[in-house]
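Because the structure is predicted, anything quoted here is derived from the model rather than measured.
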Amino acid sequence: MVSERAQEEHFEEGTAGEEDDQFLDPNDVIIEVGDDGDQPMDEDEEGPLEGEADESIVYEDNSTQHFPNHNGSVFAISTHPTAPIAASGGEDDLGYIWDITTGDELVKLTGHTDSVTSTAFSADGELVATGGMDGKVRIWRRVGKEHWRTWEFLTELSGPDEVMWLRWHPKGNVLLAGSNDTTVWLWQLPSGNTMQVFAGHMGPVTCGDFTPDGKRIITADGEGTLIFWDPRSPTPVFKLTPTDARFALDGITSLAVNPASTLAVVGGASGGVRVVSLNKGDVVGALAGHKEGESVEAVEFVELATPGPLTGGAAPASGGVVVTGATDGKACIWDLSTMRLRATLEHGDAVISLHHLPPPKAHLIVSASVDRVLRTWDARTGALVREHKGHQGPILGAALGLGGGVVVSAGDDGVCLVFPTE
């Protein structure tokens, strides 16, 4: 999915430059430089050709650090649970572990023979996994206890045809992977033993995760089937398919589970969103806020611990507020106690990921978009807190680091950037 999206965005790059117009005001020009044959700035929206800098364009950049080592689009980014490091993966078949405070490369993660589309640190931060379009999952382990600068290759896991996503168990060294060949794989680390291969999907397994309590697994596919699993059994706890008219989503593109592990919110390829009770195994709501035909690319629960003017009857403990982001450029904030739309957040192009900050800033959410910009919002009011600019192409991934203090982004322009979230 990532690679398809990246290919589509290569064709859109010419139109994704509309943001640039906002900070080029002819009235701001103090000194006029002699004409050297360049086209005027505002017509030169396509940006420099790959590999060469075009100094006639002024890009706004409020990032605090950048990592430019990838040779090609960066598809994946993840951050360490406690240390100031990130793991990125790209079109150049490489992963890197790098320091988000200095931008320095720490480790080159080699061994893939196709694009690295997933990276993930384990819950304790001692292991990092990379997943690729070559079907390989490669695991690296921290060396020693002194610092986070030295990592060694541990093992390669095989099984999937092409890795769609990776998720570590919230407490233990157990890794989950979705494949484009309809299978889902579960491995125990550091042994690398296969614990389970889940079969039952009809199409590429586009998204999945452990429930926050770590007791169950939820996965969904491009044909529209959602399956809830007990990790110890290859037989589903329940399955929802598009044959149930209430669950017809034209393929599932994103999902999230609330902190209490009782509800899942599922986003579809044509703009539909469904709320599913994990206790009942049934659809309990439909949220209609995105443009029909536009894919819901991100779902994120927000815990509004501090009561705000819009909190209504939502109980923070039950994960009563969810945000959905789609290719229509909107992020919609929903109150699940009433199934009503609370606020709509706007981007100039597809919203590709959403990230909530941990307490005490749990009311803040960061959105990342193909429009080259990340934005921090107050989910209580829908107010924009901060804009993060610096990418010269679509943003393909993002992750929060340093306890939510920074957001790290991965770009189609081959660069990773670091921004303060507030």
*Any donor-acceptor N/O pair, Ser78 side chain to Thr119 backbone, under 3.5 Å*: yes

*Who pairs with Ser158 by side-chain hydrogen bond (donor to acceptor under 3.5 Å, both in side chains), at least two apart in sequence or on another chain?*
none

*Roughly how far, to the nearest 0.5 Å, is the CG atom of Leu287 from the CZ atom of Arg340?*
12.5 Å

*Say whether, by atom type as modelled, one donor and one acceptor occur between the side chain of Ser233 and the main chain of Thr235 under 3.5 angstrom.*
yes

*Mind checking side-chain contact (heavy atoms from CB on, under 4.5 Å) for Asp92 and listing every partner two or more places apart, or none if nothing turns up?*
His70, Asn71, Leu94, Tyr96

*Which pair of non-hydrogen atoms, one from Pro170 and one from Phe210, has the smallest distance, and what is that distance?*
CD-CB, 3.8 Å

_By the ring pair (Phe, Tyr, Trp, His ring centres under 6.0 Å) test, which pairs, at least two apart or in different chains, include something from residues 397-422?_
His388-Phe419

*Would you name the heavy atoms of Asp413 and Gly393 that are closest together and state the gap between them?*
OD2-N, 3.8 Å

*Between atom CD of Gln196 and atom OG1 of Thr183, what is the distance when rounded to the nearest 0.5 Å?*
12.5 Å

_Any donor-acceptor N/O pair, Asp221 side chain to Thr182 backbone, under 3.5 Å_ = no

*asked:* Looking at Ser353 and Gly397, would you say the former's side chain and the latter's main chain have a donor-acceptor pair under 3.5 Å?
replied: no

*Is it true that atom CE of Met195 has more than 12 heavy atoms of other residues, nucleotides or ligands lying nearer than 6.0 Å?*
yes

*Do Leu402 and Ile100 come close enough that some side-chain heavy atom pair is under 4.5 Å?*
yes

*Residues two or more places apart in sequence or in another chain: which of them pass salt bridge (charged side-chain N to carboxylate O under 4.0 Å, His left out) with Glu422?*
Lys361

_Residues which pass side-chain hydrogen bond (donor to acceptor under 3.5 Å, both in side chains) with Asp99, listed by chain and number, not counting sequence neighbours_ = Thr101

_Trace of the side-chain contact (heavy atoms from CB on, under 4.5 Å) decision for Leu357 with Val366_ = CA-CA 8 Å; Leu357 271 68; Val366 178; 4.0 Å; yes

*For Pro236 and Ile227, work out which heavy atoms get closest and say how close.*
CB-CG2, 3.5 Å

_Between Asp61 and Lys389 (salt bridge meaning N to carboxylate O under 4.0 Å), is one present in this structure?_
no

*Note, Leu364 side chain near Thr421 side chain (heavy atom, < 4.5 Å)*: no

_Whether Asp93 side chain and Ser115 backbone form a donor-acceptor pair below 3.5 Å_ = yes

*Taking side chain as C-beta onward, heavy atoms only, is Leu345 less than 4.5 Å from Lys330?*
no

*Note, Thr376 side chain near Val407 side chain (heavy atom, < 4.5 Å)*: no

*Report the C-alpha distance between Val74 and Ile77 in whole Å, list the side-chain angles of each, state the deciding distance to 0.1 Å, and finish with yes or no for side-chain contact (heavy atoms from CB on, under 4.5 Å).*
CA-CA 8 Å; Val74 189; Ile77 186 76; 5.6 Å; no

_Over 12 non-hydrogen atoms of neighbours within 6.0 angstrom of CZ in Arg386_ = yes

Please tabulate, one pair per line, all N/O donor-acceptor pairs under 3.5 Å involving side-chain atoms of residues 269-278, not counting sequence neighbours.
unit_1: Ser270; atom_1: OG; unit_2: Asp250; atom_2: OD2; d: 2.9
unit_1: Arg274; atom_1: NE; unit_2: Arg246; atom_2: O; d: 2.7
unit_1: Ser277; atom_1: OG; unit_2: Asn279; atom_2: N; d: 3.4
unit_1: Ser277; atom_1: OG; unit_2: Lys280; atom_2: N; d: 3.0

*Taking all heavy atoms of Gly267 and all of Val299, pick out the closest pair and write down the distance.*
N-CG2, 4.2 Å

*Asp328: partners by side-chain hydrogen bond (donor to acceptor under 3.5 Å, both in side chains), with sequence neighbours left out*: His290

_Spacing of Phe198 atom CZ and Thr219 atom OG1 [to the nearest 0.5 Å]_ = 8.0 Å

*Any idea which heavy atoms bring Trp140 and Lys108 closest together, and the distance?*
CH2-O, 4.1 Å

_The test is side-chain contact (heavy atoms from CB on, under 4.5 Å); show your working for His347 and Ser367 and say whether it passes._
CA-CA 9 Å; His347 271 277; Ser367 55; 2.7 Å; yes

*Using a distance-only test with no angle check, is there a side-chain donor-acceptor pair under 3.5 angstrom linking Glu297 and Ser295?*
yes

*Test item: Val205 and Ser179 side chains (from C-beta on) under 4.5 Å apart, heavy atoms*: no

_Backbone N/O of Ile252 and side chain of Thr206: donor-acceptor pair under 3.5 Å_ = yes

_Stepwise side-chain contact (heavy atoms from CB on, under 4.5 Å) test for Thr130 and Val163_ = CA-CA 9 Å; Thr130 57; Val163 178; over 6 Å; no

*Check for a donor-acceptor pair, side chain of Gln65 on one end and backbone N or O of Val418 on the other, with a separation under 3.5 Å.*
no

*Examine distances only and state if a side-chain atom of Asp349 and a backbone atom of Val370 form a donor-acceptor pair shorter than 3.5 Å.*
no

*asked:* Can you confirm whether Ile85 sits close enough to Phe121 that some side-chain heavy atom of one is under 4.5 Å from a side-chain heavy atom of the other?
replied: yes

_Qualifying residue, where the test is side-chain contact (heavy atoms from CB on, under 4.5 Å) with Ile333 and the options are Val322, Val323, Leu304_ = Val323

*Is there any salt bridge (Lys or Arg N to Asp or Glu O under 4.0 Å) pair reaching into residues 117-137, and which pairs are they, with sequence neighbours excluded?*
Glu126-Arg142, Glu126-Lys145

*Excluding sequence neighbours, so at least two apart, what forms side-chain hydrogen bond (donor to acceptor under 3.5 Å, both in side chains) with Glu300?*
His356

_Tell me every residue that passes ring pair (Phe, Tyr, Trp, His ring centres under 6.0 Å) with Trp148, counting only those two or more places apart in sequence or in another chain._
His80

*Can you name the nearest heavy-atom pair linking Thr225 to Pro242, along with the distance?*
OG1-CD, 4.0 Å

*Rounded to the nearest 0.5 Å, what separation is found between the CG atom of Leu127 and the CD1 atom of Ile139?*
7.0 Å

*Find the distance between CG (Asn193) and CH2 (Trp187) and round it off to the nearest 0.5 Å.*
12.0 Å

_Partner residues of Trp168 under the ring pair (Phe, Tyr, Trp, His ring centres under 6.0 Å) criterion, sequence neighbours left out_ = none

*asked:* With a 4.5 Å cut-off on side-chain heavy atoms, are Arg375 and Asp371 touching?
replied: yes

*Could you tell me whether a side-chain N or O of Ser122 sits under 3.5 Å from a main-chain N or O of Asn173, the two making a donor and an acceptor?*
no

_Quick check against the 3.5 Å criterion: does His169 have a side-chain atom that pairs as donor or acceptor with the backbone of Lys171?_
yes

*Output the distance between atom CZ (Phe228) and atom CZ (Arg216), rounded to the nearest 0.5 Å.*
6.0 Å

*Residues two or more places apart in sequence or in another chain: which of them pass side-chain contact (heavy atoms from CB on, under 4.5 Å) with Glu152?*
Arg141, Val143

*Flag side-chain contact, heavy atom, 4.5 Å: Leu226 against Leu249*: no

